[in-house]
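Small disclaimer: the values here were computed from a predicted structure and weren't measured.
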Amino acid sequence: MPTWLVVIIVIAAVLVVGAAAWFVIQGQRRRRLQETFGPEYDRAVKEHESPREAERDLTSRMKRHSDLDIRPLPSSTKDRYAQEWALIQEQFVDRPSGAVVEADRVLVSLMAERGYPTEGYDQQLADLSVRHANALRHYRAGHDTLERHRESEMSTEDMREAMKHYREVFEDLLTDDGGEGAKSHGQQAARNRGNGTADNGKRRGDDGSARRGTDR
């Protein structure tokens with residue numbers, strides 16, 4: 001066999017092996033991103049021109065998140081926030097819109113307490129997506145209702161739904177321990193892609209707010 005033919009065969013083999021390795025690495029990277037971001041992976045793909053661009057964006061979010069000083073909360077701080085949230089829920093009975101505004105404020109305060117930057121809503125979403133992907137649909141829904149209410153008064157039922165969504169985010173941020181819980185969260189998000197989680201009001205009224213005479 002001519003030497004030049006041997007060289008061509010070797011080069012071709014190297015290229016085939018290299019291409020196969022590249023596809024394997026890309027597949028592993030994609031699965032890792034899907035496990036981490038759950039429903040946010042699909043959302044990013046829809047928002048970008050290609051899956052590759054979406055994956056670059058998600059990888060960038062992970063890099064930024066790794067540079068943040070995310071802290072678990074001590075028990076005393078958790079108790080303080082839980083009490084504050086309970087007061088907001090009680091306020092909902094008489095001041096639905098005011099309670100939703102307070103819920104939004106407390107969420108931002110809780111993010112800051114955990115170590116998340118709070119310079120803007122879009123950046124909040126990006127930062128939270130790495131470890132709290134499954135709660136983002138709730139944050140978006142609650143925030144969107146609040147923004148629409150500021151333009152045109154929403155109904156009490158709309159405000160009730162916003163409180164339920166905000167409660168999901170609040171509990172997710174409050175109970176994340178920053179360790180193994182965070183590691184397993186992305187896997188749970190992947191299992192629930194597009195569905196989210198909810199407790200269906202088992203611990204409170206179904207509207208997510210406190211009710212007079214019950215659950216007090």
Do you know which two heavy atoms are closest between Ala135 and Val169, and how far apart they sit? O-CG2, 3.6 Å
Option passing side-chain hydrogen bond (donor to acceptor under 3.5 Å, both in side chains) with Asp67 (candidates Lys63, His65, Arg64): Lys63
With a 4.5 Å limit on heavy-atom distance, are the side chains of Arg114 and Arg131 in contact? yes
With the side chain counted from C-beta on, respond yes when Pro39 and Asn134 share a heavy-atom pair under 4.5 Å apart, and no when they do not. yes
N-O pairing of Arg32 and Glu35 below 4.0 Å: no
What is the distance from atom CD of Gln89 to atom CZ of Phe170, rounded to the nearest 0.5 Å? 8.5 Å
Could you measure the distance from the CG atom of Asp158 to the OG atom of Ser97? Nearest 0.5 Å is fine. 12.0 Å
Is any side-chain heavy atom of Leu136 closer than 4.5 Å to a side-chain heavy atom of Leu128? yes
Identify, with sequence neighbours excluded, every residue that meets side chain to side chain contact (heavy atoms under 4.5 Å, CB included) alongside Glu53. His48, Glu49, Ser50, Arg56
Side-chain contact test, heavy atoms from C-beta onward, threshold under 4.5 Å: evaluate it for Trp85 versus Arg167 and give yes or no. yes
Identify the heavy atoms of Ala99 and Ile88 that sit nearest to each other, and give their distance. O-CG2, 3.3 Å
No-hydrogen, no-angle side-chain donor-acceptor test under 3.5 Å, Glu55 and Tyr41: yes
Does Thr175 use its side chain to pair, donor to acceptor, with the backbone of Glu171 at less than 3.5 Å? yes
Are the side chains of Thr145 and Val100 in contact, using a 4.5 Å heavy-atom criterion? no
Can you find a pair of side-chain heavy atoms, one from Leu73 and one from Leu110, that are under 4.5 Å apart? yes
Side-chain touch Glu47/Asp57, heavy atoms, less than 4.5 angstrom: no
Determine, stepwise, if the pair His132 / His138 fulfils side chain to side chain contact (heavy atoms under 4.5 Å, CB included). CA-CA 11 Å; His132 301 277; His138 295 292; over 6 Å; no
With sequence neighbours left out, the residues meeting side chain to side chain contact (heavy atoms under 4.5 Å, CB included) with Thr156 are Phe92, Pro96, Arg160
Just one of His165, Glu168, Met111 clears the side chain to side chain contact (heavy atoms under 4.5 Å, CB included) bar with Tyr139, so which one? Met111
Does Arg95, at its CZ atom, have more than 12 non-hydrogen atoms belonging to other residues, nucleotides or ligands within less than 6.0 Å? no
Is there a chain of hydrophobic side chains (I, L, V, M, F, W, Y, each step under 4.5 Å between heavy atoms) that links Met163 to Leu87? no
Closest non-hydrogen atom pair between Thr118 and Ala112, with its separation: CG2-N, 4.0 Å
With rounding to the nearest 0.5 angstrom, report the CZ to OG distance, Arg43 to Ser129. 11.0 Å
Salt-bridge criterion met for Arg148 and Asp144 (N-O under 4.0 Å): no
Dump the intermediate steps for side chain to side chain contact (heavy atoms under 4.5 Å, CB included) on Phe37 and Met62, then the final yes or no. CA-CA 10 Å; Phe37 289 95; Met62 293 179 68; 3.6 Å; yes
Kindly compute the distance separating NE2 (His149) from OG (Ser155), expressed to the nearest 0.5 Å. 10.0 Å
Please report the interatomic distance CD(Glu102) to CD(Gln91), rounded to the nearest 0.5 Å. 6.0 Å
In chain order, what residues pass the side chain to side chain contact (heavy atoms under 4.5 Å, CB included) check against Ala126, with sequence neighbours excluded? Arg61, Gln123
Holding to side chain to side chain contact (heavy atoms under 4.5 Å, CB included), I want the full list of residues that pass it with Ser76, two or more places apart in sequence or in another chain. Pro74
Heavy-atom distance under 4.5 Å between the side chains of Glu113 and Arg80, does that happen here? yes
Please identify each residue that fulfils ring-ring contact (aromatic ring centres under 6.0 Å, His included) with His143, with sequence neighbours left out. Tyr121
With sequence neighbours excluded, what pairs up with Tyr166 under the ring-ring contact (aromatic ring centres under 6.0 Å, His included) test? none
